[in-house]
Q: 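The following block contains the structure, expressed as structure tokens.
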Amino acid sequence: MGDSLRYKDWFEKAAHDLRGAEILMEHDGGNDLVAFHCQQAMEKMLKGWLLKTTGELLDGHSLVFLCRKATAAGAPLKGNLRDCAYVNQFYIETRYPSDSYMPVSEEEARDCMDAARKLMELLA
């Protein structure tokens, strides 16, 4: 089964990931999971916006790459590249066990939530 080519589906899934992050934060569900779901929300929102604007669904998971593509396509994200780079660091590190695991602090999880909310508001 292929990924949807309907941008609204991507926006809906992005909102779902952000809501999941909020619920996890509210119920002490793990800061690492909060950060991961924020990364997912931002990735899906960027992909949805690019699909809506350019008609192209991009592969990849790098928020930096997607933010640069969106900015080049006219998205008002010039000040958001740093947020994308920050949240991007939690994509792999939060998904798999590691011998050098570094826990995600509550402050880092909240920063991820703020970045995701800001990006989603700008692209909505």
Side-chain angles (χ1 to χ4, degrees):
M1 181 158 66
D3 290 334
S4 175
L5 295 177
R6 293 180 301 271
Y7 74 88
K8 288 182 181 182
D9 292 348
W10 288 89
F11 289 173
E12 185 178 309
K13 286 298 245 180
H16 188 77
D17 272 316
L18 182 58
R19 183 64 187 133
E22 291 168 345
I23 291 168
L24 288 164
M25 180 66 83
E26 291 166 11
H27 297 281
D28 197 25
N31 294 330
D32 57 337
L33 293 175
V34 171
F36 173 72
H37 282 287
C38 289
Q39 186 281 337
Q40 287 291 286
M42 292 171 75
E43 178 184 331
K44 290 169 185 156
M45 193 68 185
L46 285 162
K47 286 183 177 184
W49 189 90
L50 284 161
L51 181 59
K52 177 183 177 183
T53 305
T54 69
E56 182 181 5
L57 179 59
L58 296 177
D59 285 331
H61 306 285
S62 169
L63 298 180
V64 173
F65 170 77
L66 294 169
C67 184
R68 284 186 175 141
K69 286 288 199 180
T71 301
L77 299 176
K78 290 205 186 287
N80 293 81
L81 188 60
R82 181 172 285 157
D83 285 346
C84 287
Y86 178 77
V87 175
N88 202 62
Q89 71 180 319
F90 299 107
Y91 175 63
I92 296 294
E93 288 75 5
T94 57
R95 293 180 62 202
Y96 302 105
S98 170
D99 290 336
S100 59
Y101 174 72
M102 294 183 63
V104 178
S105 72
E106 184 174 333
E107 181 180 358
E108 290 170 323
R110 289 192 187 283
D111 289 344
C112 289
M113 296 264 299
D114 291 343
R117 287 180 181 133
K118 186 165 76 172
L119 181 109
M120 291 179 71
E121 286 175 15
L122 288 170
L123 296 182

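Everything numeric here is computed off the predicted structure, so don't read it as measured data. No hydrogens, no waters, no symmetry mates; every other heavy atom, side chains included, goes into these values.
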Q: Atom CZ in F11, atom CG in L51: separation rounded to 0.5 Å?
A: 8.5 Å
Q: Would L50 and E56 count as a side-chain contact (heavy atoms from CB on, under 4.5 Å) if you check the C-alpha gap in whole Å, the side-chain angles of each, and the deciding distance to 0.1 Å?
A: CA-CA 7 Å; L50 284 161; E56 182 181 5; over 6 Å; no
Q: Nearest 0.5 Å, what's the CE-CG distance between M113 and N31?
A: 10.5 Å
Q: Would K13 and E43 pass as an ion pair if we require N to O under 4.0 Å?
A: no
Q: Nearest 0.5 Å please: distance from the NE2 atom of H37 over to the CD1 atom of I23.
A: 10.0 Å
Q: Mind checking the OG-CG spacing from S105 to D32? Nearest 0.5 Å is all I need.
A: 11.5 Å
Q: Between W10 and M45, is a side-chain contact (heavy atoms from CB on, under 4.5 Å) present by the stated rule, with each step listed?
A: CA-CA 6 Å; W10 288 89; M45 193 68 185; over 6 Å; no
Q: State which residues pass ring-ring contact (aromatic ring centres under 6.0 Å, His included) with H61; sequence neighbours excluded, sorted by chain then number.
A: Y91
Q: Show every donor-acceptor pair shorter than 3.5 Å between a side-chain atom in residues 115-124 and any protein atom, with sequence neighbours excluded, or say none if there are none.
A:
{"from": "R117", "atom 1": "NE", "to": "E22", "atom 2": "OE2", "distance (Å)": "3.4"}
{"from": "R117", "atom 1": "NH2", "to": "E22", "atom 2": "OE2", "distance (Å)": "3.4"}
{"from": "K118", "atom 1": "NZ", "to": "D83", "atom 2": "OD2", "distance (Å)": "2.9"}

Q: Could you pull out the closest heavy-atom pair between V34 and M25, with the gap in Å?
A: CG2-N, 3.7 Å
Q: Measuring from Q40:CD to M42:CE, what's the distance to the nearest 0.5 Å?
A: 11.5 Å
Q: Could I get the full list of salt bridge (Lys or Arg N to Asp or Glu O under 4.0 Å) partners for D17, not counting sequence neighbours?
A: K44
Q: I'd like to know if K8 and E12 make a salt bridge, using a cut-off of under 4.0 Å between side-chain N and carboxylate O.
A: no
Q: Indicate the atoms forming the closest heavy-atom contact of F65 with L58, along with that distance.
A: CE2-CD1, 4.1 Å
Q: Determine, stepwise, if the pair F90 / C112 fulfils side-chain contact (heavy atoms from CB on, under 4.5 Å).
A: CA-CA 9 Å; F90 299 107; C112 289; 3.5 Å; yes
Q: Working to the nearest 0.5 Å, report the span between CD of Q89 and SG of C84.
A: 12.5 Å
Q: So does E107 have more than 12 non-hydrogen atoms from other groups sitting under 6.0 Å from CD?
A: no
Q: With side chains defined as the heavy atoms from C-beta onward, is the minimum distance between F36 and V104 less than 4.5 Å?
A: no
Q: Where the side chain of N88 meets the backbone of L63, is there a donor-acceptor pair that is under 3.5 Å apart?
A: yes
Q: So which heavy atom on L57 is nearest to which on S4, and how close?
A: CD2-O, 3.7 Å
